[in-house]
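Take a look at the structure set out below.
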Amino acid sequence: MPTRFRARSLVLVVLLTAATAMVYQFSVVSALIFIMGDSILLFSVFTGVFLLSMGVGSVLGARPTAAMDISFIRVQFSLAALGLVALPLVFCLFAASEYARRRGIILPQPAVVFTFWANGLLIDFLFGVLTGMQLPLLAGLFRTLRLQDRSLASLLGFDYLGSFVGALAFPLLLFPSLGLFRTVFLASLINTTTALLSSALLEQRRSRSVWTAAVLAALVLVAFLTSHTLEHAIDYFVYGDR
Amino acid sequence: MAIVSRTDSQCLICVFAACALLYEMVIATTLVLLFGDVIYYFSLTVAFFVLFMGIGSGISRGVEGQALLVLVLVELVIALLGASSSFLLLYVAAYTRSGPYILLTAFIYIALIGILIGMELPLLFRLTEGQGDPQKRFGFLLIADYLGSLIGSLLFAFLLLPRLDITGTSLAAGGVNLLGVVYAIARVRFPIRRRMALLAAATACLVAFAAVGLEVPRIQAAVDEELFAISDHTEIIRNFRTRYQKVVVTLTPRADIEVEEDNGRYRELVGTLARSPSDTWIAVYLNGYLQALSPLQSSTDFYHHAFVHPTMLLARQRRRVLVLGGGDGLPAKEVAKYVEVQDIVNVDLDGEWVEFVKNDPLMRAHNFDSLRDPRLRLIVADAFKWVRESTERFDVILVDFPEGIDVPLARSYSTQFLKDLKRLLDDDGVIAFQANFFDNSAFWCVVKTMLDAGYSVIPHHTKDPEEQEGFMLLSKKPLDVAGFDQKVASYPFLDPRLMVSERELRAFGDPRSLTRHIAGLEINTFFRPSFLAYYRANFPWKLSIGAD
């Protein structure tokens, strides 16, 4: 595979994952705003936590290890998996607490609020760490693969560009037309694709990656197609038969 | 040879990053205040900040030598821009009242601040050259950068915004930024003349900020006056902020209302009908949105007359009434006129606001002390939560949340909330919703959602031909409107000229016309708030704040 083509494709991976990172971040915050209200508080706290966890991730990703290529592919798959479960988890917690209340089980309110915050922040933190790991890993990979220096410099630019695209597409296109669930499932599908793509580009564990990607993609597709059922199921637990 | 030590560079980037995040939050929050729609404007602000930060980091590569001087100058400019951002945005909003101008101003600010912020990290990175492995150095700087962002976000949410409001926050962030500049100048070996010049510049800015800081209340008052003035004689008599909202109450002479309004004749009619003993009109704004404009101490106002009474008359019984929102006491004022009403439950989120309305002499005179009516039970709670947990049943439910396009609004029109309300509604009861728009896709999207939730719906609107505000009447069984006009006539406090008629109810409620209107629209749910998209499409960049 020509080196230049490889470098360019990896830059494309950076662009796509930066976009999905923004989509995850905004989806989680939007879901919590719908459940808990107080939008400005949630937005500012979650933005700060996301940035901090990206910092933690970038330090983790900068550790010199032997298997940077494998780590990079794993990060992509982890993002896809997290994207698949994160939002349903948030809403399942909500549905569970409402169902309990409807059944007359009184849960202590501070504990419920704490659980929502802790769950949301944990998800936000994991997304941030995984996202933050990518860039230093890729920078290390570029060095070991002796890819052109110029592409390395453009990495950061594409990262910014991807974030811009993601942050713009979320409110303008994805959220209103697809809704929350399908938006994150789409992002998860994109991450599965980029994982597979980077596995091919880095010539690492290709058959294993294909299997993982196939399983993930199947799960995401099922989730995407059944998202309306999922919404109805949550409604059922929250509102019962009304 | 490193110019800045590792600890110093970490401290500096931490402070600068915290300020950068504060500027981002200040601009986003100002836009949300002006336009509503929190997710939309937060995402857009973040998107463009990221874009311009990328451009800035690219530009920083072109800086040859003098990295420290450039950094100090960059920070000086950022501090000035950041501190002024909220002031100028509010100023433009107040004096142009134009969405595109405000967005253009915000865009210029975001572009300039974003580019300069993007230059911070690469410049500081270059200044630490020669202190070990570059990758490690970069990692340490980056973690300090991100830590600063976290500190900034927490300060904003928990300390600065609640205490200092938006303008104070932007000024404080600019001040801290300048302190960072002073620290950088003090710690670093500069040629002495330049150092003195820079220190003098930073100190001058600090003094200027402090001076402006003392003037903030007066500046804020001037901007508010411009935003909320209906005419030159408008007087802002109450202006305060509760935990949830900004409250502004103004008084304007009647003569000015008639001159200002294109449709003076109609307003004049309303004023006369209302038999107001006063020549003054009162306007109440919550978070900048106009809630009600009516003659002071009038027996009714045209908006709540049109909203409340058709609902009351169409319900089989009028014994138990639920008001959601309506902390101003104006819906309750209309409800209290019916002698057959036994219980009124009024649920409002904002305890400070309802306490004010209950105790302020002007508001008490305005709502005829309705919040102190012995039949009324006032509950301070989140209406969504209260409705979900309540087991009471009501003959009439009036949903009168403060207007504005926001997630809460999309939530109040969602399938989920409508299902919750149904449980509280008597089988022959009626629910009324209001919308500050009528006959557009956003309106019909809401109607479709209501039909989908299993209600029978009759939409109608205020009789003001200029600004039609929409209403929806919801019931479990199709409503029987026969004899509506006679019912109106039998209540002496009702005026048919201010409300919908039997003929109009029939026309609006006609299933065929409803089917035609809602064709092809998406319903609005908790998970897919299609309402927001329809609203934005109908009112692009609509300024949702102020007197106009």
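Just so it is clear: chains get the letters A, B, ... in the order the sequence lines come, proteins before strands, and each one is counted from 1. The shown structure was predicted, so the numbers you read here are calculated from the model rather than taken from an experiment.
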Apply side-chain contact (heavy atoms from CB on, under 4.5 Å) to the pair Thr169(B) and Arg163(B), showing each step before the final yes or no.
CA-CA 9 Å; Thr169(B) 302; Arg163(B) 292 275 170 83; over 6 Å; no

For the pair Tyr99(A) and Phe237(A), name the ring-plane relationship: parallel under 30°, tilted 30 to 60°, perpendicular over 60°.
perpendicular

Can you tell me which portion of [X] sits under 4.5 Å from chain B's heavy atoms? Options are side chain, backbone, both or neither.
{"X": "Val29(A)", "result": "neither"}
{"X": "Leu161(A)", "result": "side chain"}
{"X": "Val49(A)", "result": "both"}

Going by the salt bridge (charged side-chain N to carboxylate O under 4.0 Å, His left out) test, which pairs reach into residues 85-99 of chain A, not counting sequence neighbours?
Glu98(A)-Arg101(A), Glu98(A)-Arg388(B)

[X] versus chain A, the contacting section by heavy-atom distance below 4.5 Å:
{"X": "Leu161(B)", "value": "side chain"}
{"X": "Glu522(B)", "value": "neither"}
{"X": "Phe156(B)", "value": "side chain"}
{"X": "Leu154(B)", "value": "side chain"}
{"X": "Ser57(B)", "value": "side chain"}

Both conditions, 6.0 Å and 45 degrees, for the charged tip of Lys422(B) above the ring of Tyr455(B): are they met here?
yes

Pick from Phe50(A), Phe91(A), Phe46(A) with the largest number of heavy-atom pairs that fall under 4.5 Å of chain B:
Phe91(A)

Under a 4.5 Å heavy-atom cutoff, which of Ser177(A), Ala31(A), Ser58(A), Ala167(A) has the most pairs with chain B?
Ala167(A)

Results of side chain to side chain donor-acceptor pair (under 3.5 Å) for Gln10(B) - residues two or more places apart only
none

Closest-packed option against chain A by number of heavy-atom pairs under 4.5 Å, given Leu44(B), Ile55(B), Leu51(B), Thr45(B)
Leu51(B)

Comparing Phe158(B), Tyr534(B), Phe49(B) against chain A, the one with the most heavy-atom pairs below 4.5 Å turns out to be Phe158(B)

With sequence neighbours left out, what residues match Arg6(B) under salt bridge (Lys or Arg N to Asp or Glu O under 4.0 Å)?
none

Any residue of residues 19-29 of chain B which, by heavy atoms, sits under 4.5 Å from chain A
Leu21(B), Met25(B), Thr29(B)

